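Computed from a predicted structure; not experimentally measured.
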Amino acid sequence: MAVQPIRPFADPVLRTVAEPVTTFDRELRGLVKSLQATMRAGTGRAGLAAPQLGVPLRVLAYELDGRAGHLINPRLEPSERKIVADEACLSAPGLWWPLERSYMVTARGRDMFGKPVTVRALGMLARVLQHEADHLDGILFIDRLPADERERFLQTASS
């Protein structure tokens, strides 16, 4: 369960759609533990997806306000109610940007042993799950910004 380096925004693996997990074995459990260890290695970290460690598999981990876990092959059911809040990414450290997301989400998937898992989340945890699930689809949160805001973000990130 080693702490791994987090891939930066420019890494092409973050633009790759992750493959579904089909084998629930020791290697997968090691990946989940590495995600959790890497996420917990720094302050302010609430979620991490396998592509951020360079592994193109549909696996994410989260920990926020006493709720921690992981999801394999997650499927999200977002609510229609939206809310705008600041969002950041461990692949672009130190940059926060307002983004609209669903206020509530139900996430269904499997745990590292293949057992079904359902997570119902509100507010910030719902945002974290949506953000990490986007990583599994090769989507960065800046892709959800209007073009002018995305341009401002990229200018800020490069300065």
Taking all heavy atoms of [X] and all of [Y], pick out the closest pair and write down the distance.
X: Leu129; Y: Ala107; result: CD1-CB, 4.3 Å
X: Ala37; Y: Val3; result: O-CG2, 3.8 Å
X: Leu90; Y: Gly47; result: CD1-O, 3.5 Å
X: His135; Y: Ala49; result: CB-CB, 3.6 Å
X: Ile6; Y: Ser91; result: CG2-OG, 3.8 Å
X: Ser102; Y: Ala126; result: O-CB, 4.1 Å

Please determine whether residues [X] and [Y] belong to a single hydrophobic cluster, defined as Ile, Leu, Val, Met, Phe, Trp and Tyr linked transitively by side-chain heavy-atom distances below 4.5 Å.
X: Met112; Y: Val55; answer: yes
X: Val119; Y: Leu35; answer: no
X: Tyr62; Y: Leu64; answer: yes
X: Leu57; Y: Met39; answer: yes

According to salt bridge (Lys or Arg N to Asp or Glu O under 4.0 Å), does anything in residues 108-118 pair up with another residue at least two apart or in another chain? List the pairs.
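Output for this query lists Glu77-Arg108.
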Which residue pairs pass the salt bridge (Lys or Arg N to Asp or Glu O under 4.0 Å) test with at least one member in residues 131-147, sequence neighbours excluded?
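Every pair satisfying salt bridge (Lys or Arg N to Asp or Glu O under 4.0 Å) with a residue in residues 131-147: Arg15-Asp143, Arg58-Asp137, Arg101-Asp134, Asp134-Arg144.
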Does any pair with a residue in residues 120-130 pass side chain to side chain donor-acceptor pair (under 3.5 Å), and if so which ones, sequence neighbours excluded?
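For residues 120-130: Glu87-Arg127.
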Pairs meeting criterion side chain to side chain donor-acceptor pair (under 3.5 Å) with involvement of residues 63-76, two or more places apart
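Every side chain to side chain donor-acceptor pair (under 3.5 Å) pair that includes a residue of residues 63-76, provided the two are not neighbours, is Arg40-Glu63.
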Could you work out, with salt bridge (Lys or Arg N to Asp or Glu O under 4.0 Å) as the rule, every residue matching [X], not counting sequence neighbours?
X: Glu149; value: Arg152
X: Arg45; value: none
X: Arg29; value: none

With sequence neighbours excluded, tell me which residues meet side chain to side chain contact (heavy atoms under 4.5 Å, CB included) with Asp86.
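Residues passing side chain to side chain contact (heavy atoms under 4.5 Å, CB included) with Asp86: Trp96, Pro98.
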Taking ILVMFWY side chains as joined if any heavy atoms are under 4.5 angstrom apart, and letting links pass through other members, which residues group with Leu154?
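Taking Ile, Leu, Val, Met, Phe, Trp and Tyr as members, Leu154 shares its hydrophobic cluster with Phe9, Val13, Leu14, Leu95, Trp97, Leu99, Leu140, Phe141, Ile142, Leu145, Phe153.
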Taking side-chain hydrogen bond (donor to acceptor under 3.5 Å, both in side chains) as the definition, give me every residue that meets it alongside Asp25, ordered by chain and number, with sequence neighbours left out.
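Checked Asp25 against side-chain hydrogen bond (donor to acceptor under 3.5 Å, both in side chains); zero matches.
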Can you name the side-chain hydrogen bond (donor to acceptor under 3.5 Å, both in side chains) partners of Thr38, sequence neighbours left out?
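Partners of Thr38 under the side-chain hydrogen bond (donor to acceptor under 3.5 Å, both in side chains) test: none.
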Applying the side chain to side chain contact (heavy atoms under 4.5 Å, CB included) test to Leu48, which of Leu60, Leu53, Val59 qualifies?
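Result for side chain to side chain contact (heavy atoms under 4.5 Å, CB included) with Leu48: Leu53.
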Dump the intermediate steps for side chain to side chain contact (heavy atoms under 4.5 Å, CB included) on Leu28 and Thr23, then the final yes or no.
CA-CA 8 Å; Leu28 176 65; Thr23 305; over 6 Å; no
Give, for atom CD1 of Ile83 and atom CG of Leu122, the distance between the pair rounded to the nearest 0.5 Å.
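Reported to 0.5 Å precision, the distance equals 10.5 Å.
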